[in-house]
Colleague: 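Input: one structure, supplied below.
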Amino acid sequence: MRHLVDTLRESHHLNDEGYEALLTSEDAELLEYLRREAQRVATSVFGQGIFVRGLIELTNVCRNDCYYCGIRRSNVALPRYILTHEQVMQSCQAGHELGFRTFVLQGGELPREKAPWIAGLVADIRARWSDCAITLSLGEWPREDYELFRNAGADRYLLRHESHNAAHYAKLHPREMSLDNRLRCLNDLRELGFQTGTGIMVGSPGQTIAHIVEDIKFIELFKPQMIGLGPFVPHHDTPLGQFPAGSIDLTTRLYSIFRLMFPHALIPSTTALNSLHPEGRVMGIRAGANVVMPNLTPASARENYTLYDGKAITDPAEGIQQLETQLNRIGYHIDWGRGDYKEPIKTL
Ligand code: SAH
């Protein structure tokens with residue numbers, strides 16, 4: 001079955017059965033070959049450098065009600081916060097001093113009236129740190145609000161599609177949310193010129209291998225610049241809180257598959273992975289991921305940004321030291337560049 005890995009590496013594509021075979025294989029030698037080839041491709045493009053993004057968890061206030069997410073609006077047990085403009089600027093300042101050149105503003109989905117406030121924040125970050133990329137991960141908005149964010153100076157947007165199967169999507173979200181609207185958002189973002197990221201939770205309740213194959217095929221067509229994948233991790237105060245966590249093995253296997261499909265994509269080794277295993281981040285990098293997102297959120301707010309149970313928490317400065325040590329141990333280092341997506345050079 002090694003030929004599947006070779007085909008994927010050379011043509012960046014497999015048929016459905018090929019993807020399914022890689023996702024379900026229990027052949028340890030094949031899986032190690034998949035991982036090694038993905039790691040080799042990643043280092044051939046990016047060297048031994050791993051990009052870092054400073055994550056700022058802007059708010060846990062949310063108008064949406066996703067069944068998996070701990071900050072859904074129906075979770076009344078959660079104290080809510082919105083960082084002040086000043087707190088965000090201070091977090092960026094601290095991050096910039098540590099060396100970060102990308103800031104990711106992530107959060108729950110604020111009421112629509114807040115769009116101009118968000119755009120103002122983006123414009124101020126853009127004006128003060130012109131050498132930095134600004135990424136937003138703030139969920140679903142009408143196109144005109146995305147346009148406002150883009151015109152204010154945001155460069156990138158992360159919005160996982162979560163599931164490309166409408167029936168499965170409906171198991172994860174309330175009726176007022178739809179796969180169609182999620183895809184509309186992604187298309188708008190791309191048309192507006194954002195570097196766009198999408199992806200899924202691995203092992204979300206009700207997800208089958210056939211669903212994941214559908215997700216792979218969607219990503220193959222959409223060709224995002226960034227691919228975000230993390231294991232589902234239950235949160236006790238949500239409707240899906242009794243389901244088991246997703247698998248680390250399947251998550252890292254997907255990093256490898258996407259690396260072979262998209263040698264140049266920016267693929268983070270996600271926090272959720274690290275929350276399930278102390279070496280999760282390293283396992284992701286060894287499977288072909290090339291980005292990590294250390295947390296710059298002020299400590300008082302961070303403890304209430306609870307997407308799922310057991311989220312790993314580290315102090316930013318200390319976290320960077322630990323990360324560098326962890327990376328050095330496997331022959332890598334932090335790359336402090338902005339780390340924009342670079343189009344592959346086309347050879348004739
Ligand atoms: N509201 C925004 C950003 C915050 S959530 C949005 O939905 O895009 C960011 C990501 O966290 C989501 O895309 C989702 O995939 C992930 N997430 C939420 N709840 C989770 C859980 N219980 N386990 C694992 N990942 C989760």
Colleague: So L266 and R156, side chain to side chain contact (heavy atoms under 4.5 Å, CB included) or not? Walk me through it.
Modeller: CA-CA 12 Å; L266 297 156; R156 310 177 188 149; 5.6 Å; no
Colleague: Is a donor on one side and an acceptor on the other found under 3.5 Å between the side chain of R160 and the backbone of G228?
Modeller: yes
Colleague: Taking everything shown except E29 itself, do over 12 heavy atoms lie less than 6.0 Å from its CD?
Modeller: no
Colleague: Salt bridge (charged side-chain N to carboxylate O under 4.0 Å, His left out) for D131 and R338? Distances and angles first, verdict last.
Modeller: CA-CA 8 Å; D131 57 341; R338 264 177 59 126; over 6 Å; no
Colleague: With hydrophobic residues grouped by side-chain heavy-atom distances under 4.5 Å, do L159 and L55 end up in a single group?
Modeller: no
Colleague: Taking T252 for its side chain and D249 for its backbone only, find out whether a donor-acceptor pair lies under 3.5 Å.
Modeller: yes
Colleague: Let me confirm one number: the CG-CG distance from L260 to L34, rounded to the nearest 0.5 Å.
Modeller: 6.0 Å
Colleague: Without hydrogens or angle criteria, can the side chains of Y68 and H173 be said to hold a donor-acceptor pair below 3.5 Å?
Modeller: yes
Colleague: So K114 and R63, do their side chains get closer than 4.5 Å, heavy atoms only?
Modeller: no
Colleague: Any idea how Y157 and F194 line up, ring-wise: parallel (<30°), tilted (30 to 60°), or perpendicular (>60°)?
Modeller: perpendicular
Colleague: Any side-chain to backbone donor/acceptor pair from H168 onto P205? Under 3.5 Å, distance only.
Modeller: yes
Colleague: Quick check: is Y308 connected to L78 through a chain of hydrophobic side chains (ILVMFWY, heavy atoms under 4.5 Å apart)?
Modeller: yes
Colleague: Mind checking whether L250 and M201 sit in one hydrophobic cluster, side chains of I, L, V, M, F, W, Y counted as touching below 4.5 Å?
Modeller: no
Colleague: Is there a donor-acceptor pair under 3.5 Å between the side chain of N290 and the backbone N or O of I267?
Modeller: yes
Colleague: Which atom names give the shortest non-hydrogen contact between E220 and F262, and what distance separates them?
Modeller: CA-CZ, 3.9 Å
Colleague: To the closest 0.5 Å, what do you measure between CG (D215) and CD1 (I200)?
Modeller: 4.5 Å
Colleague: Are D65 and R72 close enough, and set up right, to give a side chain to side chain contact (heavy atoms under 4.5 Å, CB included), and what steps lead you there?
Modeller: CA-CA 4 Å; D65 216 16; R72 64 199 300 267; 3.4 Å; yes
Colleague: Between Y255 and T270, does the side chain to side chain donor-acceptor pair (under 3.5 Å) criterion hold? Intermediate values first, please.
Modeller: CA-CA 11 Å; Y255 290 167; T270 50; 3.2 Å; yes
Colleague: Do the side-chain N and O atoms of R184 and N187 include a donor-acceptor pair separated by under 3.5 angstrom?
Modeller: no
Colleague: Return the minimal non-hydrogen interatomic distance between A42 and G288, and the atom names on each side.
Modeller: CB-O, 3.8 Å
Colleague: Is it true that V291 and I248 fall in one hydrophobic cluster, defined by side-chain heavy atoms closer than 4.5 Å?
Modeller: no
Colleague: Is the backbone of H236 close enough, under 3.5 Å, to the side chain of D309 for a donor and an acceptor to pair up by distance?
Modeller: yes
Colleague: As an exercise, state the distance from CG of L23 to CD1 of I257, rounded to the nearest 0.5 Å.
Modeller: 4.5 Å
Colleague: Kindly determine whether E214 and K217 satisfy salt bridge (charged side-chain N to carboxylate O under 4.0 Å, His left out), including the steps that lead there.
Modeller: CA-CA 5 Å; E214 285 183 55; K217 286 163 58 178; over 6 Å; no
Colleague: Is there a side-chain contact between W117 and I82, using heavy atoms and a 4.5 Å cut-off?
Modeller: yes
Colleague: Under the side chain to side chain donor-acceptor pair (under 3.5 Å) rule, what do Y33 and D6 come out as? Steps first, then yes or no, please.
Modeller: CA-CA 10 Å; Y33 184 60; D6 295 332; 2.5 Å; yes
Colleague: Hey, does V88 have a side-chain heavy atom less than 4.5 Å from the side chain of I125?
Modeller: yes
Colleague: Quick one: does any side-chain atom of Y341 pair with a main-chain N or O of Q195 as donor and acceptor, under 3.5 Å?
Modeller: no
Colleague: Side chains of C66 and L172: does their closest heavy-atom pair fall under 4.5 Å?
Modeller: no
Colleague: Evaluate side chain to side chain contact (heavy atoms under 4.5 Å, CB included) for F51 paired with R101, printing each intermediate quantity in order.
Modeller: CA-CA 9 Å; F51 293 123; R101 293 297 178 268; over 6 Å; no
Colleague: Return the minimal non-hydrogen interatomic distance between A21 and L4, and the atom names on each side.
Modeller: CB-CD1, 3.8 Å
Colleague: May I ask you to test the R53-T135 pair for a side-chain heavy-atom distance under 4.5 Å?
Modeller: no
Colleague: Do I227 and M261 make a side-chain contact, defined as non-hydrogen atoms from C-beta onward lying under 4.5 Å apart?
Modeller: no
Colleague: Distance check, rounded to the nearest 0.5 Å: L83 atom CG versus M89 atom CE?
Modeller: 13.0 Å
Colleague: Distance only, no hydrogens: is a donor on one side chain within 3.5 Å (strictly under) of an acceptor on the other, for N295 and T297?
Modeller: yes
Colleague: Is there a path from L323 to V282 through hydrophobic residues (I, L, V, M, F, W, Y) whose side chains come within less than 4.5 Å of each other?
Modeller: yes
Colleague: State, to 0.1 Å, how close R143 and L192 come at their nearest heavy-atom pair, and which atoms those are.
Modeller: O-CD1, 4.0 Å
Colleague: Does CD belonging to Q242 count more than 12 external heavy atoms closer than 6.0 Å?
Modeller: no
Colleague: Under a 4.5 Å cut-off applied to non-hydrogen side-chain atoms, are H12 and P263 in contact?
Modeller: yes
Colleague: Please answer whether the main-chain N or O of N75 pairs with a side-chain N or O of D237 as donor and acceptor at a distance below 3.5 Å.
Modeller: no
Colleague: Would you name the heavy atoms of A272 and P231 that are closest together and state the gap between them?
Modeller: CB-O, 3.7 Å
Colleague: How about CZ on R150, more than 12 heavy atoms from neighbouring residues, nucleotides or ligands closer than 6.0 Å, or not?
Modeller: yes
Colleague: What's the separation between atom CD1 in I212 and atom CG in N165, rounded to the nearest 0.5 Å?
Modeller: 11.5 Å
Colleague: Side chain to side chain contact (heavy atoms under 4.5 Å, CB included) between L307 and V233: does it pass, once the steps are laid out?
Modeller: CA-CA 9 Å; L307 302 178; V233 185; over 6 Å; no
Colleague: Do W141 and I118 have side chains that approach each other closer than 4.5 Å (heavy atoms only, starting at C-beta)?
Modeller: yes
Colleague: With ring centroids as reference points, do W336 and F100 lie under 6.0 angstrom apart?
Modeller: yes
Colleague: Given salt bridge (charged side-chain N to carboxylate O under 4.0 Å, His left out), test R302 with E57 step by step and report yes or no.
Modeller: CA-CA 7 Å; R302 210 179 323 154; E57 293 155 337; 5.1 Å; no
Colleague: Kindly compute the distance separating OG (S269) from CE (M283), expressed to the nearest 0.5 Å.
Modeller: 10.0 Å
Colleague: Looking at T59 and Y81, would you say the former's side chain and the latter's main chain have a donor-acceptor pair under 3.5 Å?
Modeller: yes
Colleague: What is the minimum heavy-atom distance between N64 and E109, and which atoms define it?
Modeller: ND2-OE1, 2.6 Å
Colleague: Output yes when a side-chain donor or acceptor of T198 lies under 3.5 Å from a complementary backbone atom of H161, and no otherwise.
Modeller: yes
Colleague: Tell me if a side-chain donor or acceptor on R126 pairs with a main-chain N or O of G153 at a distance below 3.5 Å.
Modeller: yes
Colleague: Ring-plane angle category for F149 and Y146, please: parallel below 30°, perpendicular beyond 60°, tilted otherwise.
Modeller: perpendicular
